[in-house]
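From a predicted model like this one, the values you see are computed outputs, not experimental measurements.
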Amino acid sequence: MSGAAALRRSGSNSLSALLRAEDDGPGDDVAATKRRDGGGRRGRSGRRSCLRLPLGGAGGCRVCACDEVDPAPRRRAPEDVDGDAEAVADGEEQRVPAALQCFSWKKGPAAAARIGRALRVEDDTAAEDAPSSLTVLPDDVLEMVLSRLPLASLLAARCVCRRWRDLTVAPQLLRLRREGPRAAPTPWLFLFGIEADGGWGASAATTAVHALDVAAHRWHRVEAAPLKGRFLFSVAGVGDELYVVGGRSGGSSAGSVKTKTHKGVMVFSPLTGAWRKTAPMRAARSRPVLGVFEMSASRSIVHARAEKHVRRANAGGKFRLGGTSAVYEDPHRLSLRRLRLRDVLNEDTDSTGPAHGNGKAAKQENQPAQARQALIAVGGRGPWDEPLVSGEIYDPVTDKWVEIAGFPTDVGLACSGAVCGDMFYVYCESDTLVAYHLDAGSWSVVQTSRPPPRLRDYTPALVCCASRLFMLCVSWCDPANRRDKVVRKVFELNLGSIPLLQWTEASAHPDAPMDSNAVFAAGQDRIYSVEMFRIFGKVLDFATACRVSGGEQRWSRIARENAAAEADAMSCRLKSMAVLLL
């Protein structure tokens, strides 16, 4: 047996073994080469490495780099690679990468199989590293794509990766959704309530917010940690954000109840999922009546001038900022202030000519101002649970609250309100309808033929839907004949009737009014309602909608799941709702 064959069998690379392999005759090497390559196959060249080791069929030792070593030696394809048997023709050869030729000459077919697997792994890795079609898009193009998604798809896209999450909360994407083209907005109902962990109070109460996707008929839970412990607040949707105004906080302790009335305002953005604070109101209120309207430049000037006279009138006597009473004032001074305020408002409404000043100001007034939405809050209860008659207006652009004149004090507590056209209508507990003229900045009592018949135990609600004013209340099913069955009815106010406005019955809810504090909101051409009541130890909620644009108004259920299955009984009394088109 030759020394090279013995060296190949033993696998030794010692210096003595190398010297013994060098002393062997050339005849032995030629015979070994013939036995290895076979009789009918083409043999390989007799090149030797720098250590004079013959290069085997599976490669050779790459210890040194010299001219005698082939950088990519050729070898036969293995007969079996990962179990796949392939017939290899005589003389067929392939090249093995030089990086895989390290001490594999004695392994035979097993080393060749590992080499084949490594080659396939490299090909798969290269295919995975190839960039996809979305990752190569720049940020501005990807923002345009994401801005056209509906809210449910946008929330799902936010969970894909960190880059998409940062893009979905960027201010540029929010601006594109407001100004650029996007899919048809879908209504979302946001239901605010109280979920108690064991008892009612600030220490045990946790505010829960549930969002209903009307198109998908699915409820989603919204994180509302900043509202923990706060209740009796009012909610309104301004643009694509939710405003939580006023409220109270506090709990019940042994023998005493301590509560605090808030004047702060919290804003929630469903697009970003973030909460923030805005400028607080001038007076602390709980359950104020809210309305949303379009603020123009002329209206902002009227309200700013009216605020100066309201402040001047309040600073002269004992008239409180909340606007509770003015009976201790001098009647002469009070009448003078009212006359001055009326003259100022008349001057503001009559001055329709061009303003005197430089040419730039006149040019800006001639251009139509871009309308923006503002928030109006009136009534409510003060820190001592006293009814308030004053009001305030909030402009999101200036982040400032402006005081307005209070509505008449002899109409009672404000129950509900809605903005319809240029008027902000407020329905009071004395069945009196008052209106605030947004352009003139003054209050007036609306003369109606007869108020709708209603039961005092159920709170009425005013909503404006499709530029029509509706009121929802509970009354007897047939007042003339039967008084043993009650039903929730929808009345519409005919704003075109002269001289007295008339209420006409438009629709009736098919379900029995189980909730005395049901909440209502309007969006597009539909009126949405959510009722919650406790039965058999469980709180149930029902969400329904009524379309008012068609010829016949019918109610239909829009949610098949229960939103607040674990809600406390106090949630039936402390809930509020708003609608956003997202």
Quick one: are [X] and [Y] in side-chain contact, heavy atoms under 4.5 Å?
X: Arg554; Y: Cys546; result: no
X: Ser442; Y: Tyr436; result: no
X: Pro453; Y: Trp476; result: no
X: Phe424; Y: Val434; result: no
X: Phe233; Y: Val235; result: yes
X: Trp219; Y: Leu191; result: yes
X: Leu151; Y: Leu271; result: yes
X: Lys277; Y: Met266; result: yes

**OP:** Can you label the angle between the Tyr394 ring and the Trp401 ring as parallel, tilted or perpendicular, going by 30° and 60°?
**Re:**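 Rings of Tyr394 and Trp401: tilted, as their planes differ by 30° to 60°.
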
Original post:
Between Phe192 and Trp275, what is the ring plane arrangement, given parallel below 30°, perpendicular above 60°, and tilted in between?
Top reply: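 Phe192 and Trp275: perpendicular rings.
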
Output yes when a side-chain donor or acceptor of [X] lies under 3.5 Å from a complementary backbone atom of [Y], and no otherwise.
X: Arg372; Y: Glu294; result: no
X: Arg177; Y: Leu149; result: yes
X: Arg468; Y: Val548; result: yes
X: Gln373; Y: Met295; result: no
X: Thr432; Y: Cys428; result: no
X: Thr259; Y: Gly250; result: no
X: Asp541; Y: Met532; result: no
X: Ser153; Y: Pro150; result: no
X: Ser234; Y: Pro288; result: yes
X: Ser416; Y: Leu462; result: yes

Subject >> Residues Thr261, Leu232; criterion side chain to side chain contact (heavy atoms under 4.5 Å, CB included); working and verdict >> reply: CA-CA 9 Å; Thr261 305; Leu232 290 178; over 6 Å; no

Should [X] and [Y] count as an ion pair when the cut-off is N to O under 4.0 Å?
X: Arg178; Y: Asp240; answer: yes
X: Asp511; Y: Arg557; answer: no
X: Arg218; Y: Asp213; answer: no
X: Arg299; Y: Asp395; answer: no
X: Glu531; Y: Arg488; answer: yes
X: Glu386; Y: Arg381; answer: no
X: Arg456; Y: Glu429; answer: no

Where do [X] and [Y] come nearest, in terms of heavy atoms and distance?
X: Arg282; Y: Glu392; result: N-OE1, 2.9 Å
X: Leu455; Y: Ser475; result: CG-CA, 4.4 Å
X: Ser444; Y: Met423; result: OG-CE, 4.4 Å
X: Asp525; Y: Ser549; result: OD2-OG, 2.9 Å
X: Gly239; Y: Leu580; result: O-CD2, 3.5 Å
X: Gly237; Y: Ala578; result: N-CB, 4.2 Å

**OP:** Return each pair, listed once, that meets salt bridge (charged side-chain N to carboxylate O under 4.0 Å, His left out) where at least one residue sits in residues 135-161; pairs must be two or more places apart or across chains.
**Re:**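 Every salt bridge (charged side-chain N to carboxylate O under 4.0 Å, His left out) pair that includes a residue of residues 135-161, provided the two are not neighbours, is Asp139-Arg163.
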
**OP:** Step by step, work out the salt bridge (Lys or Arg N to Asp or Glu O under 4.0 Å) result for Lys575 and Asp515.
**Re:** CA-CA 11 Å; Lys575 62 182 175 298; Asp515 188 3; 2.5 Å; yes

Approximate separation, where rounding is to 0.5 Å, of [X] [atom1] and [Y] [atom2]:
X: Leu582; Y: Leu155; atom1: CG; atom2: CG; value: 9.5 Å
X: Leu438; Y: Asp422; atom1: CG; atom2: CG; value: 6.5 Å
X: Lys258; Y: Ser249; atom1: NZ; atom2: OG; value: 13.0 Å
X: Ile558; Y: Leu189; atom1: CD1; atom2: CG; value: 5.0 Å
X: Arg454; Y: Thr459; atom1: CZ; atom2: OG1; value: 8.0 Å
X: Leu154; Y: Leu173; atom1: CG; atom2: CG; value: 6.5 Å

Original post:
When the ring centroid of His220 is compared with that of Trp188, is the distance short of 6.0 Å?
Top reply: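 Yes, the ring of His220 comes within the 6.0 Å limit of the ring of Trp188, centre to centre.
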
Subject >> Ring centre gap for Phe491 and Trp503 strictly below 6.0 Å >> reply: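 Centroid distance Phe491-Trp503: not below 6.0 Å, so no.
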
**OP:** Let me see the working for Tyr425 and Leu433 under side chain to side chain contact (heavy atoms under 4.5 Å, CB included), right down to the final yes or no.
**Re:** CA-CA 7 Å; Tyr425 295 92; Leu433 185 65; 4.1 Å; yes

Subject >> Derivation and outcome, side chain to side chain contact (heavy atoms under 4.5 Å, CB included), residues Gln502 and Thr448 >> reply: CA-CA 6 Å; Gln502 297 180 358; Thr448 59; over 6 Å; no

Original post:
With respect to Ser286, which candidate in Arg230, His262, Arg248 satisfies the side chain to side chain contact (heavy atoms under 4.5 Å, CB included) definition?
Top reply: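 For Ser286, the side chain to side chain contact (heavy atoms under 4.5 Å, CB included) test succeeds with only one of Arg230, His262, Arg248, which is Arg248.
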
Subject >> Verdict with reasoning, Asp439 to Val302, per side chain to side chain contact (heavy atoms under 4.5 Å, CB included) >> reply: CA-CA 7 Å; Asp439 294 330; Val302 170; over 6 Å; no

Original post:
With sequence neighbours left out, what residues match Phe542 under ring pair (Phe, Tyr, Trp, His ring centres under 6.0 Å)?
Top reply: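 For Phe542 the ring pair (Phe, Tyr, Trp, His ring centres under 6.0 Å) partners, ignoring immediate neighbours, are Phe533.
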
**OP:** Apply side-chain hydrogen bond (donor to acceptor under 3.5 Å, both in side chains) to Arg526 and Ser556, showing your working.
**Re:** CA-CA 11 Å; Arg526 285 177 172 80; Ser556 61; over 6 Å; no

**OP:** With side-chain hydrogen bond (donor to acceptor under 3.5 Å, both in side chains) as the test, would you mind laying out the steps for His509 and Thr544 before giving the verdict?
**Re:** CA-CA 9 Å; His509 202 284; Thr544 54; 3.2 Å; yes

